[in-house]
Protein chains: 4
Amino acid sequence: MVLGRAEETTVTRPQTRRKDTRERIQHVALELFLERGYDQTSLREIAERLEVTKAALYYHFRTKEDIVTSLIEDIGRPVDDLIAWGQGQPATRATRREVLRRLNEALDTGAPVFRFLQENQAALRSRGSADGFRDRMRALGALLTVPDAGMVEQVRTLSALFTVYFGTFAASHMEGDPDEKRAALLQVAWEQLDAAHGYTGEDGE
Amino acid sequence: MVLGRAEETTVTRPQTRRKDTRERIQHVALELFLERGYDQTSLREIAERLEVTKAALYYHFRTKEDIVTSLIEDIGRPVDDLIAWGQGQPATRATRREVLRRLNEALDTGAPVFRFLQENQAALRSRGSADGFRDRMRALGALLTVPDAGMVEQVRTLSALFTVYFGTFAASHMEGDPDEKRAALLQVAWEQLDAAHGYTGEDGE
Amino acid sequence: MVLGRAEETTVTRPQTRRKDTRERIQHVALELFLERGYDQTSLREIAERLEVTKAALYYHFRTKEDIVTSLIEDIGRPVDDLIAWGQGQPATRATRREVLRRLNEALDTGAPVFRFLQENQAALRSRGSADGFRDRMRALGALLTVPDAGMVEQVRTLSALFTVYFGTFAASHMEGDPDEKRAALLQVAWEQLDAAHGYTGEDGE
Amino acid sequence: MVLGRAEETTVTRPQTRRKDTRERIQHVALELFLERGYDQTSLREIAERLEVTKAALYYHFRTKEDIVTSLIEDIGRPVDDLIAWGQGQPATRATRREVLRRLNEALDTGAPVFRFLQENQAALRSRGSADGFRDRMRALGALLTVPDAGMVEQVRTLSALFTVYFGTFAASHMEGDPDEKRAALLQVAWEQLDAAHGYTGEDGE
DNA sequence: CATGAATGAGAATTCATTCAT
DNA sequence: CATGAATGAATTCTCATTCAT
């Protein structure tokens, strides 16, 4: 988008030994993984779009899976941090609201990778790449509930999580201002959270 | 060669196939697609698990994609019916509740295929197999909203749909009676629906 | 098409679905392994010389190593039989002589495979394919010695084994009648055996 | 070169390389060639075990084959000297005995390289690296025979050579004192030599 | 209905080698 | 002396698909 200007003059830079090849690979790989799916995306395609050779990819990543792993790590860390933070806080309404708010925020940044994980679950499962991810989602869920919650309360909590999580993906297909949409997701999720915990607005926790 | 005659008395089950082979293929294919992902599942594996040859699969299905298509059709029809029914009804609270109730029900039966679609989105997209599915989800969403709804109301509707849809998958990992879980999902989704439409329990629509 | 009679002159029979492809692969593979070494021989080359596709090889053998394994088994069995036979016999001079005689004979038939094993030891070791072979040689050696033999006696026995074994390979580069060469190898080996066991021609065992 | 000053105080051994890097490469290469075979050993592995980069190897050796060539030359020269010496001597019993004695000695020193050549014959043949070696063995054989020898005599000579040559490798797997084993090999080989030339211990040559 | 044999295309990966710095 | 980044060519292997029998 804001690239523009410099773009035009550079036509023949394939030879330019770049520093950022590793990141460029991650970027293009994610792009293609989203377009065509993980399994459908061959390293040849990634290399071609980058105008390097397949072997160059192998200089930077030991395997195809390694590329995916590096991608996941980048977004896994923020979520891990969030979980760690949440576990260190008292289990209050404020904490739960903050957890959802931060998740809502993290999803905004890492949306493409999250979507990739979401849409390629089966492909990644066999490779164990995304298994850690499922655990993280469960940990987040745990932060939002109370242990002795009834089934309906649990579902309401789950529902709040889904609203933020899946809502982010669905929202990208909806019209409207992105920030406004995000805010709406969070608001609704918060309502569900309050419903789950029987918070009516009168009594605090 | 000299089979014929002895056929009926045969004790060795290999012959048990015959007419229902087509369904057995669908069954095993779905099983493997869920275990290892669509792309990761080769026809060889399907054939092996069925104890037939690859070539035998080609007698029943023209291509690998055909298998998936047949699978989707089986569950697509119920959803199509649901959509058609919904579109023929007045846009009342009762209709919307019934739409969710039927979806909740349909998911119970067709859960494995839905999950397969869910987890293999990326793999199927390229082949156009599941695109029709996304459309169906959108059509369902449309049945639940009103045209001039605000963003928050839309999100609440979406949230209701997610609760039923994703909740079904998540619930399979939760402990508790399946029927009770299903009922809880529907109840929460209905609440969200009412919230989306500002229904307070006093005035009907 | 016009196969039958014309068979001999046929130039274009690639399409003919043959029965003996498996054996033809083994044959050509061994040929190439001997010419260029195991690692240097690619499946592409084997396929080309056979005028089939690489994939055809994989129909008949699961891996490249499997080809080698199948080759070794063919000659391993005769040697195993020989060892088994030897172990069932009393440890007399006659038995030892017979062991060498049979080895001399087996080598004549399986010479190419033995030579292949001999010249590709390092290449095969890592794959564990030929390890069983080393064991067999040792077992043969054991059949020829007595437990309490002195070092010099052991060396003489070893020497007899080497004469038959390595002599067969070296002999192929020497001029002269093959049968006569084989007989000479055996005669010398027998002499060494007698020397090893202090047999002078007077006293039997 | 410009290292100098800091040189002495260095504690971190990585620098310990320097001048002897070439030899260290030869050493590690031989080690790996023996462990995994020539073709199976990649320059990457050699570099890794040496804790240098692949490119560093190329500073010392033009190609992978050059490494092997340098290795062979190191042991080829002693054998060449031995051949030259033998050819300059009268074809007496004493000369032949001395040839075997020196070979026995040379094998002791250069055993690993000899073994490498022995176990990688096929891999090296295609590259012509070891062909010179086969010639050398033949030249040695020629030094031990007389031109008009009968077949059995020739075999006995060959046998003497094999005893020293292959015996050295086999002996490394046998228990006992190395020097004693070597002596035994030479003794037996000498006996075979005498047998080949009809030397009974009465009449000299 | 089903199989045995085969193919053509393409995948991931590895290797020896190069060269600007 | 040595490295980091890259390449071109090859390799093993897998897959969906075909077809004569």
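Order of the sequence lines fixes the chain letters, A, B, ..., with proteins taken first and strands second; residue numbering starts at 1 for each chain. Hydrogens, waters and symmetry mates are skipped; everything else that's a heavy atom, side chains included, is used.
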Members of residues 32-41 of chain A that approach DNA chain E, where some heavy atom sits under 4.0 Å away:
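Listed by number, they are A/Thr41.
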Between [N] and [X], is there an OP1 or OP2 to side-chain N/O distance shorter than 4.0 Å?
X: D/Tyr58; N: E/dT17; answer: yes
X: C/Thr21; N: E/dA5; answer: no
X: A/His60; N: F/dG4; answer: no
X: C/Ser42; N: F/dT11; answer: yes

Separation of [X] atom [atom1] from [N] atom [atom2], in whole Å?
X: A/Leu43; N: E/dT14; atom1: CG; atom2: C1'; result: 13 Å
X: A/Glu65; N: E/dA11; atom1: CD; atom2: P; result: 18 Å
X: D/Asp66; N: E/dT18; atom1: CG; atom2: P; result: 11 Å
X: A/Tyr59; N: F/dA5; atom1: OH; atom2: C1'; result: 5 Å
X: B/Ile46; N: F/dT14; atom1: CD1; atom2: C1'; result: 15 Å
X: B/Arg24; N: E/dC1; atom1: CZ; atom2: C1'; result: 13 Å
X: D/Lys64; N: E/dC15; atom1: NZ; atom2: P; result: 9 Å
X: B/Lys54; N: E/dA6; atom1: NZ; atom2: P; result: 13 Å

Looking at A/Tyr38, is A/Lys64 sitting on its ring face, NZ or CZ under 6.0 Å from the six-membered ring centre and within 45 degrees of the normal?
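The answer is yes, since A/Lys64 meets both limits relative to A/Tyr38.
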Whichever of B/Thr53 and A/Arg62 has its nearest DNA chain E nucleotide further upstream toward 5'
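Checking each residue's closest nucleotide, the 5'-ward one belongs to B/Thr53.
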Which residue lies more 5' along DNA chain E, comparing D/Arg44 with B/Ala55 via nearest heavy atoms
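Nearest nucleotide further toward 5': that of B/Ala55.
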For a stem of at least 3 consecutive Watson-Crick or G-U pairs with distances under 3.5 Å, i pairing with j, i+1 with j-1 and so on, which stems involve DNA chain F?
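As far as DNA chain F goes, consecutive pairing (with distances under 3.5 Å) yields the stems E:2-21 with F:2-21.
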Test log, rule side chain to side chain contact (heavy atoms under 4.5 Å, CB included), inputs D/Ile25 and D/Val52
CA-CA 10 Å; D/Ile25 293 172; D/Val52 296; over 6 Å; no
As a quick check of understanding, evaluate salt bridge (charged side-chain N to carboxylate O under 4.0 Å, His left out) for A/Glu48 and A/Lys54, giving each step before the final call.
CA-CA 8 Å; A/Glu48 260 165 25; A/Lys54 268 179 293 166; over 6 Å; no
If you round to the nearest 0.5 Å, how far is [atom2] of [Y] from [atom1] of [X]?
X: A/Phe33; Y: A/Glu45; atom1: CZ; atom2: CD; value: 10.0 Å
X: B/Thr21; Y: B/His27; atom1: OG1; atom2: NE2; value: 14.0 Å
X: B/Arg77; Y: B/Ile72; atom1: CZ; atom2: CD1; value: 12.5 Å

Does a side-chain N-to-carboxylate-O contact under 4.0 Å join A/Glu31 and A/Arg36?
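Salt bridge between A/Glu31 and A/Arg36, a charged N being under 4.0 Å from a carboxylate O: no.
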For C/Arg24, is there an ion pair with C/Glu51 - N to carboxylate O distance below 4.0 angstrom?
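No salt bridge links C/Glu51 with C/Arg24.
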Take B/Glu45 and A/Leu57, find for each the nucleotide of DNA chain F with the closest heavy atom, and name the residue whose nucleotide sits nearer the 5' end.
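In this pair, the answer is A/Leu57.
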Just by distance, do the side chain of D/Asn120 and the backbone of D/Gly37 share a donor-acceptor pair under 3.5 Å?
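No, the answer is negative, given that no donor and acceptor are paired below the 3.5 Å cut-off.
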For the side chain of A/Glu23 and the backbone of A/Asp20, is there at least one donor-acceptor N/O pair under 3.5 Å apart?
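No.
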